[in-house]
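If you're wondering where the values come from, they're calculated on a predicted model, not measured in any experiment. Keep in mind that the numbers below use all heavy atoms, side chains included, and drop hydrogens, waters and symmetry copies. In what follows, chains carry the letters A, B, and so on, assigned in the order in which the sequence lines appear, proteins first and then strands, with residues in each chain numbered from 1.
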Protein chains: 2
Amino acid sequence: MSAPTLRSLARELGLSRTTLSDALRGSPRVKAETVARVRAAAKAAGYERNPLTGAVMSQLRRSRGQQFRGVLAVVEIIAEGHSPLAVRYNDALMDGISARANALGFKVERFVVGPQGLSLGRLDTILHTRGIQGLILLPAVGFPDLSALSWSRYTAVYADYFIDHPPLHCVCCDHYRSMIALLQELHARGYRRPGLFIEISLDERLQYRWEGAFLALQKYLPGITQVPALQVQGLSREAFTAWFRQYDPDVVLGHFPEVMDWMKACGAKLPKTHAFVCLNSLRTAGDCAAVDFQVPQLGSRACELVVGQLLHNEFGVPSQPSLTTMLGRLIEGPTLRPRVAAKKKKAAAQPVAV
Amino acid sequence: MSAPTLRSLARELGLSRTTLSDALRGSPRVKAETVARVRAAAKAAGYERNPLTGAVMSQLRRSRGQQFRGVLAVVEIIAEGHSPLAVRYNDALMDGISARANALGFKVERFVVGPQGLSLGRLDTILHTRGIQGLILLPAVGFPDLSALSWSRYTAVYADYFIDHPPLHCVCCDHYRSMIALLQELHARGYRRPGLFIEISLDERLQYRWEGAFLALQKYLPGITQVPALQVQGLSREAFTAWFRQYDPDVVLGHFPEVMDWMKACGAKLPKTHAFVCLNSLRTAGDCAAVDFQVPQLGSRACELVVGQLLHNEFGVPSQPSLTTMLGRLIEGPTLRPRVAAKKKKAAAQPVAV
DNA sequence: CGAACAAATTCGGACCGTCCGGGATTTTCG
DNA sequence: CGAAAATCCCGGACGGTCCGAATTTGTTCG
């Protein structure tokens, strides 16, 4: 009489153990009234389901059927003509998502929301009828509002820095730390006048993580000649040339590979006298050093997060959203001096983690 | 055919599932020759035993009905006398960890590593014999090296920004975004000369996230009078007073509540003429506005991460470490003007997310 | 009003890996 | 040769989950 079990409690209530199990977990298969009745009885009898055992059983039961465990929806919110860069970014994300989802036994379907695609209400209906519960939201322009979806049915991750409507878990590259690591690496290679050339709107979206890290490290790395960052609203050759001539940064960090030509026009030899590192490898054609965000890995991590929550039956908006980030990598290129091997162990061919 | 189970493998070998189970665990009940044969076949078929499942089943069978709990190790690395602040931080983490672990069916045990505690080798042995596989590492001074543990046996999370030996997943507060949000909130409340007063060693450990965010936002928030940040190596009343008199910041952000008295001595009235926000609520006694890192929630998240990996049978060092962060919150206090209710919906009593 | 059909709700079966009692076979020994 | 002992292996039960099937309830239409 000391330890009430699922089965004994079920007998007492005149229900099957299955119904009890489903009711206690709040499965929609059981009538709401029954759920309430069962829970009250369980509480009265002092029954506590063992969550660890439950999780393990769930896995065991699932592993038999193998293969197909469900469908994940990848939701793309397209407000207006999206740039080719965004397309490349999203495709890279998709690669990582699909690969990981497949390995975990999930299939992926892509939905497009926006003027040319589905309305939110329509998406909600489709997901509901298809029984899709896991969502991965691809980065959208601006700050999208998805609060119209019935969130209590879904578990989701936003593949960007931040979403407030609703506040979901996010997965994104760590631009701040990537910049820190990049500057430290450049410093180790002997560069002392790093210059940041950035379009304001790009960094604003990232809450100034590029420039924040740049400003802080410019101040604290030893022996640095501070070059003021050049912010522009649009790409302007004149502005760049004037800035480059005035401050003569020995390594330019920026998003636009076009400036390499402008630097050369000013007499710079890459990588002999000056260097250039593109802040986003997706913008390059492999002809310069660049920061690689490892986007597929981000997608993979996002996928793991969603699947993890699905398996734990956690739905709805999280009580406290979190941001999961991963460090970018420096891809070597002909526009940057390789690291001088101070110790023998550092292999130049290896990509250096930044 | 991709997921061999104990039973399917047994059928194939013409043995019973029981014998298989015993053989794989090396029970003396099974003939040595059979053990070898079974193990070889299991390896060939790609059968993998999930240790957590084993533990659950074992307890289930042994002590029927009794609640089985898995065990997580919380590892504290204490190099020298740890500050009372670190103690408070770790205790808050533990609260969150314990609560979440409990809900997930785990219990927590604390291990202390260091000169006054266990050696790494000893810890490794203890964890092995106790069969503990999930580790949560509490923040350590400096950059600890734990590579001596047999990592292939464990899955772990480090509850701080960064660990490189080995590179593990980390969970930490998002100091950068917390500062951004704090400055935006202060700006919305009408403050225009925020001043940052910070000890270098504190921010250096955070890769200058406080100051990086401060520098960037000082530059981009409209109508700001830039007050240069005051960095100190130790707390000095003279340096602070000189800085405060010279630049007259209308809100001081810093770690040390002591400066409130110094500000008052300079003629400041809190919160009438000036304000103070402590950058770490654990340093305050509730007598001033402060940033709350929501440490228990961080612990909770760390716990979820470890348990998730345990359930998925993922051990060893991750191929690509990630950092999971959560936003701090602004706790209102008598040293800060409340937000002026522009719209009626903003309740002053509610803590504003920063 | 009732039949046909759809949706909602509940149930039964199969399953996971472990432990223990016990069965089957072989070995030891009187 | 027979009995006891040793060795090796098997079946049942455990608690909880999942899925398909069965049963009940509700709805539409002739």
* Answer yes or no: does a side-chain N or O of B/Arg25 lie under 4.0 Å from OP1 or OP2 of C/dT18? => yes
* Round to the nearest Å and state the distance from A/Leu20 atom CG to C/dT10 atom P. => 11 Å
* Structure fact -> The side chain to side chain contact (heavy atoms under 4.5 Å, CB included) partner of B/Leu149 among B/Val113, B/Leu120, B/Val75 is B/Leu120
* A/Leu6 CG to C/dT10 P, straight-line distance once rounded to whole Å -> 15 Å
* Asked: For the pair made of CZ in A/Arg17 and P in C/dG13, what is the distance, rounded to whole Å?
  -> 8 Å
* Greater than 12 external heavy atoms within 6.0 Å of A/Arg110's CZ -> yes
* Asked: D/dG15 C1' sits how many Å from A/Glu48 CD, rounded?
  -> 15 Å
* Structure fact -> On a heavy-atom basis, the closest approach of A/Pro144 and A/Ala140 is CG-CB, 3.8 Å
* Does B/Glu314 CD have over 12 foreign heavy atoms under 6.0 Å away? -> yes
* Closest nucleotide among D/dT17, C/dG21, C/dT10 to the A/Ser58 side chain -> D/dT17
* To do: Look at the side chain of B/Thr18 and decide which nucleotide, out of D/dG12, D/dG20, C/dG21, has an atom nearest to it.
  => D/dG12
* To do: Considering just the side-chain nitrogens and oxygens of A/Tyr47, establish if one lies under 4.0 Å of OP1 or OP2 belonging to D/dG16.
  => yes
* Report yes if a side-chain nitrogen or oxygen of B/Thr34 is closer than 4.0 Å to either non-bridging phosphate oxygen (OP1 or OP2) of D/dC9; otherwise report no. => yes
* Where each residue is assigned the nucleotide of DNA chain D containing its nearest heavy atom, which of B/Met57 and B/Gly14 is assigned the position nearer the 5′ end? -> B/Gly14
* To do: Could you state the atom-to-atom distance from CZ of A/Arg11 to P of C/dT10 in whole Å?
  => 20 Å
* Taking only Lys NZ, Arg NE, NH1 and NH2, and the carboxylate oxygens of Asp or Glu, determine whether B/Asp22 and B/Arg39 approach each other closer than 4.0 Å. => no
* Asked: Hey, is the side chain of A/Ser16 poking within less than 4.0 Å of OP1 or OP2 on C/dC11, counting only N and O atoms?
  -> yes
* Asked: Should B/Thr5 be listed as having a side-chain N or O under 4.0 Å from OP1 or OP2 of C/dC16?
  -> yes
* **Interatomic distance where CG belongs to A/Leu15 and C1' belongs to D/dT24 [whole Å]** => 14 Å
* **Length of the line joining A/Glu33:CD and C/dA8:C1', which is rounded to integer Å** => 13 Å
* Structure fact -> Result for 5'-nearest mapping on DNA chain C, choosing between A/Asp22 and A/Arg7, is A/Asp22
* Asked: Closest to the B/Arg29 side chain: D/dG16, C/dG21, C/dG17?
  -> C/dG21
